[in-house]
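Scroll down for the structure; my scribbles are underneath it.
Everything quoted here is computed from the prediction, not taken from an experiment. Start at 1 with the first residue, then count along the sequence. Whatever order the structure lists them in is the order used to number ligands and atoms, beginning at 1.
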Amino acid sequence: MNNRRIVLASRPAAEATTANFRLETVPTPALAEGQVLVRNHWLSLDPYMRMRMNDMKSYAPPVAVDAVMVGGTAGVVAESRSDAFKAGDTVVGAGGWQEWTVVEAAQKGAWRKVDTARVPLAAYLGAVGMPGVTAWVGLVHFIEPKAGETIVVDAASGAVGGVVGQLAKARGCRAVGLAGGADKCAYVKEELRFDECIDYKAHRDFASLAAALDKAAPNGVDGLFENVGGLILDVVLSRMNAFGRIALCGMIAGYDGAPMPITQPRLLLTQRLRLQGFIVSEHMQLWPQALAELAEGVASGRLKYRETVADGLENAPEAFLGLLKGRNFGKQLVKLA
Ligand SMILES: NC(=O)c1ccc[n+]([C@@H]2O[C@H](COP(=O)([O-])OP(=O)(O)OC[C@H]3O[C@@H](n4cnc5c(N)ncnc54)[C@H](OP(=O)(O)O)[C@@H]3O)[C@@H](O)[C@H]2O)c1
């Protein structure tokens, strides 16, 4: 049997391009004792993958040139030589950018069986997976929202941001999003039920964006869930209330290498702010509680999410570059089977 996979062909000089990826076809190896063969049905595309393309100081090692791109996948066990899994099990793990993955069943916690009776398989890569748990950990654990507080999140229509606002609303907070364009903002307000959403693309300078934020958050900002960096972070920082909390989750505006200065860092001092960067995989003790709330939310229909689906592995690079430019609307997936 043949496996199609996408490897990192070269490291980007600045902005990543499709030339940095290469599609290959290789035979699937025969299974050894303790191994499992998974047919990947869905590949998750996530912003962190951009950082793994560069050889730089980070929380995780880079993908080696000529190695399969890393990525979360959801699929079905096709063949098993382990007692831990049987053919037909639906599973989620780090299968990479490929159609088939050989899994070492003994690798603790790397792959888990999931129940698709009430939650669709693809949702385990989004609202009931790593992005949803990221939203939960950043908001519940680090921002610690209290009813009546104002919580701001950017990339608000995305996989993480959309969940942040809905969890904040469920805790009695005012949820204010920022998103790129009128369509995304309409979705954030009307479907996801945020109180306000600012189209940051209509506010290109500090004064204009700050005025829009003053309207959307008249009582100031108590919690910021930061996904973007740059001008947005700079503006929201200037509107933080005393003892506000910032969960620094991502800085996607700078993943291609653009500098992102903060013009008034003294505000961290004068407003006595707490700013915490975090990586969701370092908080595994919180995952069961987070996943329980997220799964119940999706199963009951209370927790809404949206997906953008690219069809076929060969379209993954283009879809990934689109994600970095905001061409996705909600969780970006690739359908592999
Ligand atoms: N710390 C962790 O453990 C962890 C885990 C998961 C994700 N993250 C981070 O969380 C953030 C969101 O991830 P996601 O998977 O939910 O992606 P996403 O929000 O579904 O997609 C990325 C979105 O970022 C926005 N964006 C891109 N470039 C931008 C720019 N220059 N200025 C403003 N917005 C820009 C775009 O939305 P617009 O069209 O609205 O601009 C785009 O749709 C990322 O920063 C990611 O790295 C961190």
Table please: side-chain donor-acceptor pairs of residues 185-194 below 3.5 Å, with sequence neighbours left out.
{"unit_1": "Tyr187", "atom_1": "OH", "unit_2": "Arg306", "atom_2": "N", "d": "3.4"}
{"unit_1": "Lys189", "atom_1": "NZ", "unit_2": "Glu196", "atom_2": "OE1", "d": "3.4"}

For Lys86, does the NZ atom have more than 12 heavy-atom neighbours from other residues, nucleotides or ligands under 6.0 Å away? no

Per-pair distances, 0.1 Å, donor-acceptor, side chain in residues 202-220, under 3.5 Å, sequence neighbours excluded:
{"unit_1": "His203", "atom_1": "ND1", "unit_2": "Ser208", "atom_2": "O", "d": "3.4"}
{"unit_1": "His203", "atom_1": "ND1", "unit_2": "Ser208", "atom_2": "OG", "d": "2.7"}
{"unit_1": "Arg204", "atom_1": "NE", "unit_2": "Lys201", "atom_2": "O", "d": "3.2"}
{"unit_1": "Asp205", "atom_1": "OD1", "unit_2": "Ala207", "atom_2": "N", "d": "3.2"}
{"unit_1": "Asp205", "atom_1": "OD1", "unit_2": "Ser208", "atom_2": "N", "d": "2.9"}
{"unit_1": "Asp214", "atom_1": "OD1", "unit_2": "Arg239", "atom_2": "NE", "d": "2.7"}
{"unit_1": "Asp214", "atom_1": "OD2", "unit_2": "Arg239", "atom_2": "NE", "d": "3.4"}
{"unit_1": "Asp214", "atom_1": "OD2", "unit_2": "Arg239", "atom_2": "NH2", "d": "3.1"}

Can you confirm whether Leu291 sits close enough to Trp136 that some side-chain heavy atom of one is under 4.5 Å from a side-chain heavy atom of the other? no

Between side-chain atoms of residues 155-167 and protein atoms elsewhere (two or more places apart, or another chain), which donor-acceptor pairs fall under 3.5 Å?
{"unit_1": "Gln166", "atom_1": "OE1", "unit_2": "Lys304", "atom_2": "N", "d": "2.9"}
{"unit_1": "Gln166", "atom_1": "NE2", "unit_2": "Gly162", "atom_2": "O", "d": "3.1"}
{"unit_1": "Gln166", "atom_1": "NE2", "unit_2": "Lys304", "atom_2": "O", "d": "2.8"}

Shell of residues surrounding ligand 1, defined by a 4.0 angstrom heavy-atom cut-off that is strict: Pro47, Met130, Thr134, Ala155, Gly158, Ala159, Val160, Ala179, Gly180, Lys184, Tyr200, Asn227, Val228, Cys249, Gly250, Met251, Ile252, Ala253, Tyr255, Phe278, Ile279, Val280, Leu323, Leu324, Gly326, Asn328, Gly330

Any Trp97 side-chain heavy atom under 4.5 Å of Phe320 side chain: yes

